Q: 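If you scroll down you'll find the structure; I have some questions about it.
Whatever order the structure lists them in is the order used to number ligands and atoms, beginning at 1. Nothing fancy with the numbering, it's 1 onward along the sequence. Note that the coordinates shown come from a computational prediction; the quantities given were computed from them, not determined experimentally.
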Amino acid sequence: MSNKPRVFSGIQPSGEPHLGNYVGAIRNWVDDQERYDNFFCVVDQHAITVPYDPQQLRSSVRQLAAVLIACGIDPERSVLFVQSHVPEHTELAWLLTCSTPLGWLQRMTQFKDKSTGQGESVGSGLLTYPTLMAADILLYQAAIVPVGDDQKQHVELARDIAGRFNNLYGESFVVPEPVIRQVGARVMGLDDPTRKMSKSEDGQFHAVGLLDEPKMIQKKFSRAVTDSQTDIVFDPERPGVTNLLTIYQALSGETSEVIEARFAGKGYGDLKKNLAELVIETLAPIRQRYEELTADPSTLDELLAAGVERARPIAESTMDHVRQVMGLR
Ligand code: ATP
Ligand code: LTN
């Protein structure tokens with residue numbers, strides 16, 4: 001048993017992983033890997049809450065796992081696994097659903113956003129999905145959940161769900177804490193800087209994929225929506241240029257003052273070109289490692305099988321306790 005604080009985080013195989021996932025989540029997981037006892041999960045059961053293609057899901061799970069390793073998740077130091085391979089996730093999710101008030105779920109802004117326009121035909125899994133996310137975290141007794149800004153509300157709900165369970169049935173779960181980095185916690189779409197960059201958003205020029213070719217990256221940045229002004233400064237009133245500067249800041253590690261000084265007197269074209277170069281440089285080794293890793297599919301299968309072996313005993317031990325206190329054994 002490690003005495004380092006335990007981390008759990010998840011990512012959905014709902015499409016091509018993008019720069020927002022990298023800056024808001026994956027690179028933080030990689031950077032802090034040594035400090036924590038890490039569990040990283042490809043949450044395939046979350047990706048079925050919206051209409052999807054089974055064949056596509058199967059290949060996206062593998063692609064995403066390989067991308068995570070290519071980004072620097074070390075399967076020795078971190079437990080990397082696929083959610084549906086550990087059936088305790090859905091068992092705990094149901095048990096938690098039974099003590100989660102409907103109002104808590106209806107308040108979730110992501111549910112409101114994703115269900116808009118669907119009326120009563122919206123899948124009920126989209127509503128109850130935060131209880132599955134709470135189960136993911138609580139099953140491993142994780143103390144820390146590193147996520148992008150959009151997931152803060154869901155982690156806070158997981159805290160409430162844990163607190164309620166502990167009150168009802170006695171201390172059972174560690175109450176988790178969201179950890180959100182200041183820079184890059186919410187990368188916006190290049191085609192519309194008022195919307196979060198997202199895997200499930202359509203639009204060829206919306207997101208930069210972590211496996212995009214350099215030419216495509218250049219093209220996407222050159223088309224990025226900005227505004228009709230000229231100076232290059234961080235300004236919340238100007239989301240387009242601010243988004244580009246934020247990505248630059250996240251990847252360069254420089255302060256906003258240094259970055260503004262660098263682009264003083266220059267045009268948007270210079271910013272886009274420099275940023276595209278920085279992104280291409282950051283993603284090149286990831287793409288290369290991805291290609292090496294996927295050249296032999298059996299390696300990935302073995303790594304994922306080893307991940308489940310490490311995850312499952314912890315999940316089982318939590319479930320033994322939960323079934324006992326709930327009177328199910
Ligand atoms: P989907 O579009 O299917 O909802 P997504 O692109 O939002 O997917 P997730 O798999 O839901 O990505 O999220 C994985 C992690 O990446 C989460 O921690 C999430 O907060 C973070 N993340 C997602 N999009 C962004 C973004 N645009 N900026 C920063 N972090 C993000
Ligand atoms: N719901 C998250 C993904 C996710 C997650 C988790 C994140 C599922 N389970 C547990 C942190 C911890 C999302 O849509 N980004």
Q: Heavy-atom contacts with V147 under 4.0 Å: which atoms of ligand 1 show up? List them by number with element.
A: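 That gives atoms 18 (O) of ligand 1.
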Q: Any idea which protein heavy atom is nearest atom 1 (P) of ligand 1, and the distance to it?
A: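 It is S200 OG, 3.4 Å.
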Q: Closest approach of A142 and P176, non-hydrogen atoms and distance?
A: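 Answer, listing the atom of A142 first, then P176: O-CB, 3.5 Å.
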Q: Checking S200 against S14: is there a side-chain donor and acceptor pair closer than 3.5 Å?
A: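 No.
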Q: Which of the numbered atoms in ligand 2 are below 4.0 angstrom from a heavy atom of V43?
A: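 Once the distances to V43 are compared, the set is 8 (C), 9 (N).
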Q: Check V155 against ligand 2 and report side chain, backbone, both or neither, counting heavy atoms closer than 4.0 Å.
A: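 Near ligand 2, V155 shows nothing, with every heavy atom at 4.0 Å or more.
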Q: Just wondering, do D191 and R223 contact through their side chains at under 4.5 Å, heavy atoms?
A: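 They are not in contact (no side-chain heavy atoms under 4.5 Å apart), so the answer is no.
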Q: State the atoms of ligand 1, each with its element, that fall below the 4.0 Å cut-off from a heavy-atom position in G184.
A: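 Near G184, meaning under 4.0 Å from one of its heavy atoms, ligand 1 has 29 (C).
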Q: For the backbone of P297 and the side chain of R62, can you confirm whether one donor and one acceptor N or O come within less than 3.5 Å of each other?
A: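 Between the backbone of P297 and the side chain of R62 there is a qualifying donor-acceptor contact (under 3.5 Å).
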Q: Among protein heavy atoms, which sits nearest to atom 6 (C) of ligand 2, and what does the distance come to when rounded to 0.1 Å?
A: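 Here the nearest protein heavy atom works out to M133 CG, 3.5 Å.
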Q: Of all the non-hydrogen atoms in the protein, which one sits nearest to atom 1 (N) of ligand 2, and at what distance?
A: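 It is Y129 OH, 2.7 Å.
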Q: What atoms of ligand 1 come within less than 4.0 Å of a heavy atom belonging to D150?
A: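 That gives atoms 19 (C), 20 (O), 22 (N) of ligand 1.
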Q: Taking 4.0 angstrom as the limit and counting only heavy atoms of A25, give me the atoms of ligand 1 inside it, by number and element.
A: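 What qualifies from ligand 1 is 15 (C), 16 (O), 18 (O).
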Q: State if A207 counts as touching ligand 1 under the rule of any non-hydrogen atom under 4.0 Å.
A: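 The answer is no: ligand 1 sits nowhere under 4.0 Å from a heavy atom of A207.
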Q: To which protein heavy atom is atom 28 (N) of ligand 1 closest, and what is the distance rounded to 0.1 Å?
A: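 Protein heavy atom with the smallest distance to atom 28 (N) of ligand 1: V187 N, 2.8 Å.
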Q: What are the two closest non-hydrogen atoms of V174 and A143, and how far apart are they?
A: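 For V174 and A143, the tightest heavy-atom pair comes out as CG1-CA, 3.9 Å.
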Q: Go through ligand 2 atom by atom and flag the ones less than 4.0 Å from a non-hydrogen atom of S9.
A: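 Taking each heavy atom of S9 in turn, ligand 2 has 11 (C), 12 (C) under 4.0 Å.
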Q: Before we go on, tell me: are the rings of H154 and F111 under 6.0 Å apart, centre to centre?
A: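 No - the distance between ring centres of H154 and F111 does not fall below the 6.0 Å cut-off.
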Q: If you count the atoms of ligand 1 from 1 in the order shown, which ones are under 4.0 Å from a heavy atom of G24?
A: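 Going through ligand 1 atom by atom, the ones under 4.0 Å from G24 are 29 (C), 30 (N).
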Q: Just need the protein heavy atom nearest to atom 14 (O) of ligand 2, so name the residue and atom and give the distance.
A: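 Among all protein heavy atoms, the one nearest atom 14 (O) of ligand 2 is Q12 NE2, 2.7 Å.
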Q: Nearest protein heavy-atom contact for atom 10 (O) of ligand 1: which residue, which atom, what distance?
A: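 Heavy-atom neighbour on the protein nearest atom 10 (O) of ligand 1: K199 NZ, 2.6 Å.
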Q: Any side-chain to backbone donor/acceptor pair from S78 onto L80? Under 3.5 Å, distance only.
A: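 No, the answer is negative, given that no donor and acceptor are paired below the 3.5 Å cut-off.
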Q: Should the pair D231-R238 be classified as a salt bridge under the 4.0 Å nitrogen-to-oxygen rule?
A: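 A salt bridge links D231 with R238.
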Q: For S9, which part has a heavy atom under 4.0 Å from ligand 1: side chain, backbone, both, or neither?
A: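 Near ligand 1, S9 shows nothing, with every heavy atom at 4.0 Å or more.
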Q: List every atom of ligand 2 that sits less than 4.0 Å from any heavy atom of V145, numbering the atoms from 1 in the order shown and giving each element.
A: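 Once the distances to V145 are compared, the set is 11 (C), 12 (C).
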Q: Is the backbone of G267 close enough, under 3.5 Å, to the side chain of D270 for a donor and an acceptor to pair up by distance?
A: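 Side chain of D270 to backbone of G267: a pair is present.
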Q: Quick one: nearest non-hydrogen protein atom to atom 6 (O) of ligand 1, plus distance?
A: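 Of the protein heavy atoms, H18 NE2, 2.8 Å lies nearest.
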Q: Ignoring angles and geometry beyond distance, decide whether M197 reaches within less than 3.5 Å of ligand 1 through its nitrogen or oxygen atoms.
A: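 Right, the criterion is met.
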Q: Please state whether N21 comes within less than 4.0 angstrom of ligand 1, counting heavy atoms only.
A: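 In this structure, N21 qualifies as a contact of ligand 1 - some heavy atom is under 4.0 Å.
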Q: I'd like to know if K196 pairs up with D113 as an ion pair, taking the criterion as any Lys NZ or Arg NE/NH1/NH2 lying under 4.0 Å from an Asp or Glu carboxylate oxygen.
A: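 No, K196 and D113 are not salt-bridged.
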Q: Would you give the length of the straight line joining atom CE of M133 to atom CZ of F8, rounded to the nearest 0.5 angstrom?
A: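 Here the interatomic distance stands at 9.0 Å.
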Q: Considering distance alone, does some N or O of G20 sit under 3.5 Å from an N or O of ligand 1?
A: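 G20 vs ligand 1: N/O contact under 3.5 Å present.
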Q: Does D149 reach the main-chain N or O of A185 with its side chain, forming a donor-acceptor pair under 3.5 Å?
A: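 Here the side-chain-to-backbone pair does not exist.
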Q: Atom 3 (O) of ligand 1: which protein heavy atom is closest, and how many Å away?
A: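 Looking only at protein heavy atoms, the one closest to atom 3 (O) of ligand 1 is S14 OG, 2.6 Å.
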Q: Just heavy atoms, cut-off under 4.0 Å: does I137 contact ligand 2 by side chain, backbone, both, or neither?
A: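 The part of I137 near ligand 2 is the side chain, not the backbone.
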Q: Can you tell me the protein heavy atom closest to atom 7 (O) of ligand 1 and the distance?
A: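 I find the closest protein heavy atom is K196 NZ, 2.5 Å.
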Q: Compare all side-chain heavy atoms of L157 with those of W104 and state whether any distance is below 4.5 angstrom.
A: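 In contact.
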Q: What protein heavy atom sits nearest atom 9 (N) of ligand 2, and how far away is it?
A: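 The closest one turns out to be D136 OD2, 2.7 Å.
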Q: Of the protein's non-hydrogen atoms, which lies at the shortest distance from atom 18 (O) of ligand 1, and what is that distance?
A: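 Of every protein heavy atom, G148 N, 3.2 Å lies nearest to atom 18 (O) of ligand 1.
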Q: Do L127 and Q106 make a side-chain contact, defined as non-hydrogen atoms from C-beta onward lying under 4.5 Å apart?
A: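 Counting from C-beta outward, L127 and Q106 do come under 4.5 Å.
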Q: At under 4.0 Å between heavy atoms, which part of R186 makes contact with ligand 1: side chain, backbone, both or neither?
A: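 For R186, only backbone atoms sit under 4.0 Å from ligand 1.
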Q: Could you list the atoms of ligand 1 found under 4.0 angstrom from a heavy atom of A185?
A: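 With A185 as reference, the close atoms of ligand 1 come out as 28 (N), 29 (C), 30 (N).
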Q: Below 4.5 Å, heavy atoms only, C-beta onward: do L190 and L244 meet side chain to side chain?
A: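 They are in side-chain contact.
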Q: Looking at ligand 1, does any of its N/O atoms fall within less than 3.5 Å of an N/O of Q12?
A: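 The answer is yes, given that Q12 and ligand 1 share an N or O pair closer than 3.5 Å.
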Q: Could you work out, for atom 4 (O) of ligand 1, the closest of K114, H46, Q110 by heavy-atom distance?
A: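 Among K114, H46, Q110, the closest heavy atom to atom 4 (O) of ligand 1 belongs to K114.
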Q: For atom 2 (O) of ligand 1, find the nearest protein heavy atom and state the residue, atom name and distance (0.1 Å precision).
A: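 So the nearest neighbour among protein heavy atoms is S198 OG, 2.4 Å.
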Q: Return the closest protein heavy atom for atom 3 (C) of ligand 2 as residue, atom name and distance.
A: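 Protein heavy atom at minimum distance: G10 O, 3.7 Å.
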Q: What pair of heavy atoms forms the shortest contact from F165 to L96, and how long is it?
A: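 The pair with the smallest heavy-atom distance is CD1-CD2, 3.9 Å.
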Q: Taking H85 for its side chain and A305 for its backbone only, find out whether a donor-acceptor pair lies under 3.5 Å.
A: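 No; zero donor-acceptor contacts below 3.5 Å.
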Q: Would you mind checking which non-hydrogen protein atom is closest to atom 2 (C) of ligand 2, with the distance to 0.1 Å?
A: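 For atom 2 (C) of ligand 2, the nearest protein heavy atom is Q151 OE1, 3.3 Å.
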Q: Heavy atoms only: which of H46, Q45, H89 is nearest to atom 8 (C) of ligand 2?
A: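 Nearest heavy atom to atom 8 (C) of ligand 2 lies in H46.
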Q: Side-chain donor-acceptor pair under 3.5 Å between E88 and T318, yes or no?
A: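 There is no such pair between these side chains.
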Q: Counting N and O atoms only, with roles assigned by atom type, does the side chain of K4 sit under 3.5 Å from a partner on the main chain of D37, one being a donor and the other an acceptor?
A: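 Absent.
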